[in-house]
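All remarks here apply to the structure that follows.
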2 protein chains.
Amino acid sequence: MIRILLAEDQALVRQGVKMMIEQDEQLKVVAEAANGLEAVQQIETRLIDLVLMDIRMPGMNGLEATKIIKKRWPHIKILMLTTFNDDEYAVQALKDGASGFLLKTAERQKLIDAIYSCMNGGMTIHEEVAAKVVPRLLEHTKREPVTIPLTPRELAITQLVGEGKTNKEIAETLHLSVGTVKNHITQILQKLELRDRTQLAIYAIKHDLV
Amino acid sequence: MIRILLAEDQALVRQGVKMMIEQDEQLKVVAEAANGLEAVQQIETRLIDLVLMDIRMPGMNGLEATKIIKKRWPHIKILMLTTFNDDEYAVQALKDGASGFLLKTAERQKLIDAIYSCMNGGMTIHEEVAAKVVPRLLEHTKREPVTIPLTPRELAITQLVGEGKTNKEIAETLHLSVGTVKNHITQILQKLELRDRTQLAIYAIKHDLV
DNA sequence: TTTAGAAAGTGACTAAAGTCATAGCTCTGT
DNA sequence: ACAGAGCTATGACTTTAGTCACTTTCTAAA
């Protein structure tokens with residue numbers, strides 16, 4: 001039997017979800033809470049396996065509650081209940097240890113599936129949320145490995161520029177004269193069609209050279 | 001009834017998985033393939049709802065096959081079958097449209113749950129994979145919203161520096177004199193404890209101001 | 001062997017960036 | 001009404017950065 005805590009401020013939604021999941025005899029809502037603080041208090045006094053947590057709640061919201069619960073009771077699974085427009089918070093919730101994202105509007109079977117999958121160690125993200133969240137996570141990973149036409153020395157200097165070093169510091173680091181560093185940088189700027197070291201530093205970071 | 005294509009080069013694993021999922025009467029393996037190319041060919045001639053796709057296969061691997069299939073038949077769901085050490089490819093597969101990640105070593109119920117969840121529009125990632133993949137996705141997103149102690153004008157100038165603009169260009173953009181821009185930048189550098197505009201540009205990028 | 005590119009250097013020069021002192025203007029809050 | 005913060009501006013100054021021309025050395029390819 002899976003003991004569920006239902007944290008959701010709207011009593012109507014709470015009743016609806018409760019009815020939906022208790023049609024499955026393995027699932028039992030053993031506690032309810034109207035905000036994050038109540039949720040934490042419930043967990044302190046009851047044995048809970050899984051929390052269905054609304055994101056938006058008055059007082060302490062679902063994100064803070066998730067963070068606290070996962071810190072104190074890492075074994076408790078947390079599924080976020082979200083609406084279409086909550087994907088702003090989705091990434092944060094994942095960081096805080098949530099095991100999935102369910103839409104409040106989902107039909108019963110989706111909800112049940114997600115709960116079982118979660119209890120079995122899975123992570124379920126309903127399609128409508130995943131469609132918004134996953135691209136957001138991926139966009140920061142899409143750096144294509146462009147081959148940068150620089151010699152090893154030029155690359156080394158570019159990296160140091162990307163760390164904010166001055167010519168003097170670069171010269172010292174690489175045991176060169178300042179003049180040589182300048183010459184190299186002139187070369188680099190020409191090759192990459194950039195104007196100055198600031199643009200070069202930006203280039204270096206955007207191409208993951210630092 | 002869910003029509004499944006099983007793409008997996010090891011015949012033994014294929015048999016095992018087939019037996020596991022066909023214990024559920026709603027699931028039927030209607031086709032098998034030993035590499036990505038065969039998988040695509042099977043889909044051309046058969047009606048398929050879902051593909052269980054191994055990542056590592058001889059010839060065309062699971063990633064390429066996923067990309068091709070999702071492009072030509074976007075409605076077909078694809079679950080990746082992975083081992084512990086494949087998380088390198090996980091991010092790529094997600095980009096290509098995979099609906100989840102299952103471990104080959106998972107017990108039967110997890111597999112079944114994932115298939116149903118997937119067909120219902122969910123995205124299931126088994127815990128062992130999620131534990132490795134999600135942090136990787138999040139690491140590029142972890143910029144905590146540090147409150148940057150800059151006035152609106154200073155912020156605007158910082159952004160432009162982060163775009164690689166010169167003082168003259170910044171002055172023109174904001175309708176200021178070059179001297180004013182310099183003054184602001186001196187202020188900014190002091191506040192942020194930086195040395196020059198290059199370090200400021202780096203700061204701007206790393207704090208997502210550009 | 002000649003040639004070409006990468007690497008390192010010097011010197012002289014220009015342009016850009018950054019510092020400092022000082023000052024006027026407008027708003028906001030007490 | 002007054003102080004403080006923010007924005008603007010000048011002028012004088014120093015320091016860095018960037019360009020250009022020209023030289024040397026080494027190595028690997030034609």
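Chain letters run A, B, ... following the sequence lines, proteins first and then strands; every chain starts at 1.
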Is there any protein nitrogen or oxygen under 3.5 Å from a nitrogen or oxygen in nucleotides 21-23 of chain C, and what are the pairs?
none

- Among C:dA7, C:dT10, D:dC20, the nucleotide that comes nearest once only the side chain of A:Gln190 is considered: D:dC20

- Query: Please, which pairs that meet side-chain hydrogen bond (donor to acceptor under 3.5 Å, both in side chains) have at least one residue in residues 61-71 of chain B, sequence neighbours excluded?
  - Reply: none

- Query: What is the distance from CD of A:Glu193 to P of D:dG18, rounded to the nearest Å?
  - Reply: 17 Å

Is there any protein nitrogen or oxygen under 3.5 Å from a nitrogen or oxygen in nucleotides 14-18 of chain C, and what are the pairs?
{"unit_1": "C:dA17", "atom_1": "OP2", "unit_2": "B:Asn167", "atom_2": "N", "d": "3.3"}
{"unit_1": "C:dA17", "atom_1": "N7", "unit_2": "B:Lys182", "atom_2": "NZ", "d": "3.2"}
{"unit_1": "C:dG18", "atom_1": "OP1", "unit_2": "B:Arg197", "atom_2": "N", "d": "2.4"}
{"unit_1": "C:dG18", "atom_1": "OP2", "unit_2": "B:Arg197", "atom_2": "NE", "d": "3.2"}
{"unit_1": "C:dG18", "atom_1": "N7", "unit_2": "B:Lys182", "atom_2": "NZ", "d": "3.2"}
{"unit_1": "C:dG18", "atom_1": "O6", "unit_2": "B:Lys182", "atom_2": "NZ", "d": "3.0"}

- ring-ring contact (aromatic ring centres under 6.0 Å, His included) pairs, two or more places apart, involving residues 27-56 of chain A: none

- Query: Is the number of heavy atoms from other residues, nucleotides or ligands within 6.0 Å of NZ (A:Lys28) greater than 12?
  - Reply: no

Under 3.5 Å, N/O pairs linking protein and nucleotides 26-30 of chain D:
none

Provide a list of protein-nucleic acid N or O atom pairs under 3.5 angstrom, restricted to nucleotides 26-30 of chain C.
none

- Query: Looking at residues at least two apart in the chain, or sitting in another chain, which of them share a side chain to side chain donor-acceptor pair (under 3.5 Å) with A:Gln199?
  - Reply: none

- Item | side chain to side chain donor-acceptor pair (under 3.5 Å) partners for B:Thr158, two or more places apart | none

- Query: Can a salt bridge be assigned to the pair B:Arg14 and B:Asp54 using a cut-off of 4.0 Å between side-chain N and carboxylate O?
  - Reply: no

- For A:His184, report the nucleic acid contact type (base, sugar-phosphate, nothing); a contact means any heavy atom under 4.0 Å. sugar-phosphate

Identify every side-chain donor-acceptor pair in residues 117-124 of chain A under 3.5 Å, counting partners at least two apart or on other chains, and give the distances.
{"unit_1": "A:Ser117", "atom_1": "OG", "unit_2": "A:Thr124", "atom_2": "OG1", "d": "3.2"}
{"unit_1": "A:Asn120", "atom_1": "ND2", "unit_2": "A:Tyr116", "atom_2": "O", "d": "3.3"}
{"unit_1": "A:Asn120", "atom_1": "ND2", "unit_2": "B:Asp113", "atom_2": "OD2", "d": "3.2"}

- Set of residues satisfying salt bridge (charged side-chain N to carboxylate O under 4.0 Å, His left out) with respect to B:Glu169, sequence neighbours excluded: A:Arg195

- If each end axis of the helix from C:dT1-D:dA30 to C:dT30-D:dA1 is fitted on five C1' pair positions, the angle between them, to 10 degrees, is 40°

- Message: Looking at D:dA9, I'd like to know if its phosphate oxygens (OP1 or OP2) sit under 4.0 Å from a side-chain N or O belonging to B:Thr180.
- Response: yes

- Task: Rounded to the nearest 0.5 Å, what's the gap from CG on B:Leu79 to CE on B:Met53? Could you check?
- Result: 10.5 Å

- Message: If the condition is side chain to side chain donor-acceptor pair (under 3.5 Å), which residues does B:Glu154 pass it with, not counting sequence neighbours?
- Response: B:Thr151, B:Lys191

- Point-to-point distance, once rounded to the nearest 0.5 Å, from CG of B:Leu160 to CG of B:Leu155: 10.0 Å

- Query: What do you reckon, is CD of B:Glu44 surrounded by more than 12 foreign heavy atoms closer than 6.0 Å?
  - Reply: yes

- Query: How many angstroms lie between atom CD1 of A:Ile115 and atom CD1 of A:Ile4, to the nearest 0.5 angstrom?
  - Reply: 4.0 Å

